[in-house]
Amino acid sequence: MGIWAYFCATMANESNKPVSVANTFQNIISHCKEYGFIFPSSEIYDGLQAVYDYGQMGSELKKNIKDYWWKSMTQLHDNIVGIDAAIFMHPTTWKASGHVDNFNDPMIDNKDSKKRYRVDHLIEAHAEGLNVSGKIQEAEKLLSEMDTLLAKDDFAGLKKLIEDNKIKCSISETCNWTDIRQFNLMFSTEFGSTVSSDGEDNKIYLRPETAQGIFVNFLNVQKSGRMKIPFGIAQIGKAFRNEIVARQFIFRMREFEQMEMQFFIRPGTQKEWYEFWKAERLKWHQNLGIPTEKYRFHDHIKLAHYADAACDIEFNFPIGFKELEGIHSRTDFDLKNHQEFSKKKQQYFDNDVDPATGKPYGNYIPYVIETSIGLDRMFLAVISHAYEEQDLSEGDKKDSRVVLKLPAKLAPIKLAVLPLTKKDGLPEIAETIMSNCRPHFKCFYEEKDSIGKRYRRMDALGTPFCVTVDHQTKEDDTVTIRHRDSMQQERVAIGDLLNIVTKALE
Ligand code: ATP
């Protein structure tokens with residue numbers, strides 16, 4: 001079975017969600033493929049699990065999300081600059097960062113089906129099942145016991161919890177479990193074609209996060225950019241994780257993109273900057289017009305090895321509230337370790353005067369607040385919120401449409417230009433509109449099919465505006481502009497088009 005078929009077949013069974021919710025998610029996935037947003041990777045060979053390609057529409061939407069984030073970070077904050085570090089990094093980076101020793105997830109295998117599960121996901125899925133059947137207190141108790149055991153790395157206790165709750169494998173339906181083991185999520189490969197003369201190991205990792213590319217360039221950027229603390233470095237790039245449970249479409253992929261920003265601060269100020277970035281990031285999401293109820297904060301109980309405070313911004317995906325973005329107070333863990341492993345000082349000289357001592361703050365290793373959002377998860381959040389199936393039937397006249405109510409600034413196409421017919425000089429007028437608007441935003445020209453069908457297709461792609469060129473246009477230089485969400489049409493002068501669309505993109 002191809003990966004797409006496998007995915008669609010297993011979604012409803014494994015999500016433990018009511019059927020209609022699973023159906024909506026499946027419909028979104030099918031829509032993404034049908035309209036050129038997302039395809040399974042190397043589909044002609046039946047795909048590759050948890051790896052996806054973005055199509056002609058998807059890559060535009062993805063790029064618009066990137067631009068929205070990049071602009072908000074690097075243009076709207078004078079003290080944040082962007083970099084683009086390489087995916088390959090010196091292998092010692094990952095020893096210093098703790099990933100070689102700590103980037104593990106506890107896993108358990110079912111002895112009958114041989115299927116491997118991430119322990120927290122297995123227990124969470126069971127708790128969701130309890131929730132759906134109304135056993136809410138039981139579910140809460142299970143999750144809180146899990147959190148306590150995870151925080152202590154008590155694997156024997158976790159296994160007992162799974163057995164006591166009779167949690168079964170979804171394939172074999174048995175409780176025949178192995179012991180819990182740690183599994184490192186980093187991909188590795190060989191660097192270069194020969195073994196080096198000093199016998200050094202050629203093993204190199206595909207970065208599991210973009211953050212380390214920022215840390216190792218902290219001093220390069222600070223010195224070359226004459227940056228003064230507090231300042232931030234932003235980056236967008238690919239990350240790779242050998243995820244075990246990878247069946248939630250682009251929510252959890254093995255190759256994905258992150259948009260991360262590390263904000264370097266004076267030690268002791270981390271609490272206020274942590275709160276600042278929590279508020280700032282939520283505002284960024286809300287500025288897209290997605291309702292506040294779709295988001296919630298989730299504070300981490302078990303902190304990662306580098307953090308002194310951490311939370312997630314969770315989004316209400318069709319598969320429930322899940323992590324969309326992490327905000328972490330990373331202390332000086334990373335820079336301090338890079339200093340130790342590289343033997344190169346990672347200090348900053350702060351000549352601002354400390355009011356407590358009347359002297360400059362002097363040399364220190366900065367603390368860091370990190371904001372880290374998955375670009376693909378943001379894509380899924382945006383598209384699943386935008387997706388609507390509407391029944392437009394009136395009386396006996398059946399009608400419906402699927403519309404993507406994407407924020408105009410994220411939509412792949414901003415304006416569709418549609419001549420009513422292929423003759424009478426209408427295509428020529430449409431082409432003039434195209435050439436006026438094309439330099440300013442992405443336009444699309446279409447003359448095939450009835451106008452109604454063309455509108456529906458643009459709705460499905462999330463195009464906020466369609467203009468129709470008709471015979472009246474020849475008389476008075478006006479066109480009909482149709483608004484995607486309300487489907488309202490109005491007559492406007494061709495000369496006003498550029499303004500109308502540009503205003504909606506602000
Ligand atoms: P999770 O608990 O869901 O595995 P995480 O806590 O390991 O995520 P972080 O290491 O904090 O995630 O990474 C920051 C962001 O990168 C996440 O909030 C998420 O949006 C994104 N991300 C992480 N892993 C993946 C993945 N496998 N596929 C897609 N996006 C991911």
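Note that this is a predicted model, so its numbers are computed, not measured. Position 1 is the first residue of the sequence, and the numbers go up from there.
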Closest heavy-atom pair and its distance - [X], [Y]:
| X | Y | answer |
| --- | --- | --- |
| His31 | Phe37 | O-CD1, 4.5 Å |
| Ala234 | Ile214 | C-CD1, 4.2 Å |
| Ala504 | Ala408 | O-CB, 3.6 Å |
| Cys443 | Ile413 | C-CG2, 4.2 Å |

Roughly how far, to the nearest 0.5 Å, is the [atom2] atom of [Y] from the [atom1] atom of [X]?
| X | Y | atom1 | atom2 | value |
| --- | --- | --- | --- | --- |
| Lys62 | Glu257 | NZ | CD | 4.0 Å |
| Glu255 | Glu243 | CD | CD | 13.0 Å |
| Asn220 | Phe218 | CG | CZ | 10.5 Å |
| Tyr274 | Ile369 | OH | CD1 | 8.0 Å |
| Ser72 | Asn287 | OG | CG | 9.0 Å |
| Lys278 | Cys311 | NZ | SG | 4.5 Å |

With heavy-atom distances below 4.5 Å as the criterion, would you say the side chains of [X] and [Y] are in contact?
| X | Y | answer |
| --- | --- | --- |
| Thr468 | Gln489 | no |
| Ile233 | Phe264 | yes |
| Arg484 | Val403 | yes |
| Lys409 | Lys71 | no |
| Phe256 | Arg377 | no |
| Lys322 | Arg252 | no |
| Thr189 | Ile204 | yes |
| Asn436 | Leu497 | no |

Next on the checklist: Go through it in stages, so that I can follow the logic: the residues are His126 and Leu130, the test is side chain to side chain contact (heavy atoms under 4.5 Å, CB included), and I'd like the CA-CA distance, side-chain angles, deciding distance and then a yes or no.
Outcome noted: CA-CA 6 Å; His126 186 73; Leu130 292 173; 4.1 Å; yes
Item to check | Residues Arg438, Glu431; criterion salt bridge (Lys or Arg N to Asp or Glu O under 4.0 Å); working and verdict | outcome: CA-CA 10 Å; Arg438 194 184 279 123; Glu431 186 41 54; 3.4 Å; yes
Could you tell me how the ring of [X] sits relative to the ring of [Y]: parallel (under 30°), tilted (30 to 60°) or perpendicular (over 60°)?
| X | Y | result |
| --- | --- | --- |
| Phe276 | Trp273 | perpendicular |
| Phe215 | His338 | tilted |
| His285 | Tyr295 | tilted |

Next on the checklist: Filter on salt bridge (Lys or Arg N to Asp or Glu O under 4.0 Å), then keep only pairs touching residues 485-498, sequence neighbours left out; what's left?
Outcome noted: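 The answer is Asp470-Arg491.
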Checklist entry - Step by step, would you call Ile429 with Ile494 a side chain to side chain contact (heavy atoms under 4.5 Å, CB included)? => result CA-CA 10 Å; Ile429 301 175; Ile494 290 178; 4.0 Å; yes
Checklist entry - Phe315 and Phe317: aromatic ring centres closer than 6.0 Å? => result yes
Checklist entry - With a 6.0 Å cut-off on ring centres, are His121 and Tyr117 close enough? => result no
Next on the checklist: Applying ring pair (Phe, Tyr, Trp, His ring centres under 6.0 Å) as the test, list every pair that has at least one member in residues 393-448; sequence neighbours left out.
Outcome noted: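 Counting only pairs at least two positions apart or across chains, no ring pair (Phe, Tyr, Trp, His ring centres under 6.0 Å) contact touches residues 393-448.
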Whether the [X] and [Y] side chains hold a donor-acceptor pair (N or O, under 3.5 Å, no angle test) is what I'd like checked.
| X | Y | answer |
| --- | --- | --- |
| Tyr387 | Thr24 | no |
| Glu370 | His328 | yes |
| Thr371 | Trp277 | no |
| Thr93 | Tyr205 | no |

Checklist entry - Got a sec, which residues hit side-chain hydrogen bond (donor to acceptor under 3.5 Å, both in side chains) with Tyr54, two or more places apart in sequence or on another chain? => result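 Applying side-chain hydrogen bond (donor to acceptor under 3.5 Å, both in side chains) to Tyr54 gives Asp376.
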Does [X] come within less than 4.0 Å of [Y], counting only side-chain N to carboxylate O?
| X | Y | answer |
| --- | --- | --- |
| Glu280 | Lys283 | yes |
| Glu260 | Arg330 | no |
| Arg116 | Asp105 | no |

Checklist entry - For Glu314, does its backbone N or O pair with a side-chain atom of Asp312 as donor and acceptor, under 3.5 Å? => result no
